[in-house]
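Input: a single structure, listed below in structure tokens.
Residue numbering restarts at 1 for every chain, and letters A, B, ... go by the order of the sequence lines. Values reported hereafter were calculated over all heavy atoms of this structure, with side chains retained and with hydrogens, waters and symmetry mates removed.
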Amino acid sequence: MTCPRSNANKYNFVRPKVKAFPMLDVKYLRDNLESVEARLKTRGEAVNLGAFKALDERRRGLLKVNEERKALRNKVSEEISRLKDKSQAQGRIAEMREVSQSIKSLDEELGRIEEELQGLLLTIPNIPNESVPVGDSEDDNVEIRRWGTLPEFSFTPRPHWEIGEELGILDFERGAKLTGARFTLYRGSGARLERALINFMLDLHTGVHNYIEMLPPFMVNRESMTGTGQLPKFEEDLFHLDGVDYFLIPTAEVPVTNIHRGEILKGADLPLYYTAYTPCFRKEAGSYGKDTRGLIRQHQFNKVELVKFVRPADSYHELEALLGNAEKVLQLLGLPYRVVTLCTADLGFSAAKTYDIEVWLPGQNTYREISSCSNFEDFQARRAAIRYREDDKAKPDYVHTLNGSGLAVGRTLVAILENYQQADGSVLIPEALRPYMGGVAKIG
RNA sequence: GGAGAGAUGGCCGAGUAGGUCGAAGGCGCUCGCCUGCUAAGCGAGUAUACUGGGUAAACCGGUAUCGAGGGUUCGAAUCCCUCUCUCUCCGCCA
């Protein structure tokens, strides 16, 4: 990897005026400690809010003392400034010198406490929404609907890696030669198909669903990763650059949500819908041996992402709409799928509620996740300090952020190969995609 | 990579012999007044976070914030150090 700028190790980006990363609402936490703890437990994760309580109380106690001393210093300093003859102030100056000393040490202690408090708060996941089914594992996810008719074959349908290799459009061996395991080289019509899908999805979301297209950086800094919740807990899943503190994005959610980090949006501008194509880079640590064949689990894959910034009151119907926008892609491509609601145990760290869309893969006789649509409520907005002001008189409030894949491109290609495969080894191109394939109706 | 300039409130823009500066002025915006409509005019107001009080409202008090971090000082937007970002010129380059 090359570095965008050499000889730089530390970055102090322009920070929002708000102290960013307050995660959960600290006041709410303080007042509802037990119920929050109970709701977080449904995620199946041990949470210890006792440490939070102790630190919070300690902080406020010290803060009170410290601020009183600062108030005194300010007052006396002002008095000194009004004296014509500064020699009269010697005693007070000496006194304030000591006060300043004690302020300095209190500042340091408070700094340590706040750092610890923030470190703790940053590792607490979002609270599941009431509508999320409580469960112990992914087996408790709830299927809410199916769409499409499963294709029937007069032969045994094959997995996409066989189809792709035979057609000469997917080259797993050379992908591994170029980089390593979980990298694939697309060739000819395969490369064209991937590109067609990207353009088809972007055109649909911008032209029909009214999203604004974004093309963000594919690597981001630590603040951005913290804003959406990948950091500090999941650093081992991310590719980090050498020599500069940047990460390759694991999803466009990160750069696109962080577009408005530290900003106060205008109510009149909401809701904001953004879509972006980006490659995604994931280490897939801990998934050794899983999905080792084919395109399903890659270290680098393409995705068209949908991101929304909305008013809190609207976020749940916006989630349904976003889910519908993602489903539309599959419907237009004629790919059967089902939608499931993730239960509390399967919910991602930052999400309050998530729907997964799973596409039918006949070659593997199973449904596989192809999109994940989530409402983060104000969790990311707090971390990233993204607020809005309804009108000029209103107080700023946190927006709700949502995002979803619209869709994972590689997996969509997989679904097309497997669902549209023919007895002779060729693959039909769905009608909607043909204009993007130069009119080609069939590969092979 | 080399040389230089800069970073102030929603925006523009004052403020460098340290003190009453959360910060002049203008624009914008909000409320009120006024002109028969519009435009103009007049008056008042207009940052955020944390924190204490209060009915988790209104409101009142305190602290912090003039790119970020640190230092000097009774006191810093103003002085010193470090870093980041932006702009201009040269070099290099898709």
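The base-pairing partner of rA24(B), taking Watson-Crick or G-U wobble contacts with both distances under 3.5 Å, does not exist among the strands shown. Base-pair partner of rC74(B): rG19(B) (Watson-Crick or G-U wobble, both distances under 3.5 Å). rC92(B) is unpaired under the Watson-Crick or G-U wobble criterion, no partner having all donor-acceptor distances under 3.5 Å. rG6(B) is paired with rC85(B) under the Watson-Crick or G-U wobble criterion, all donor-acceptor distances under 3.5 Å. Remark: rU63(B) base-pairs with rA49(B). Criterion, Watson-Crick or G-U wobble with two distances under 3.5 Å. Under the Watson-Crick and G-U wobble criteria, each requiring two contacts below 3.5 Å, nucleotide rG41(B) is paired to rC33(B).
The pair E390(A)-R311(A) counts as a salt bridge, with a side-chain nitrogen and a carboxylate oxygen less than 4.0 angstrom apart.
Contact annotation: R97(A) side-chain N/O to rG75(B) OP1/OP2 distance is not under 4.0 Å. Between R69(A) and rU63(B) there is no side-chain N or O to OP1 or OP2 distance below 4.0 Å. For the pair S100(A) and rG75(B), the criterion of a side-chain N or O lying under 4.0 Å from OP1 or OP2 is met.
Rounded to a whole angstrom, the distance from the C1' atom of rA5(B) to that of rG22(B) is 28 Å. Taking atom P on both rC83(B) and rU88(B), the two are 23 Å apart, rounded to the nearest angstrom.
The one candidate from K104(A), R58(A), R59(A) that meets the salt bridge (Lys or Arg N to Asp or Glu O under 4.0 Å) condition with E109(A) is R58(A).
Here R297(A) pairs with E284(A), D291(A) under the side chain to side chain donor-acceptor pair (under 3.5 Å) rule; sequence neighbours left out.
Residue whose closest nucleotide on RNA chain B sits further toward the 5' end, between K64(A) and N74(A): K64(A). Of the two residues contacting RNA chain B, namely K70(A) and A394(A), the nearest-nucleotide position lying further toward the 5' end is that of A394(A).
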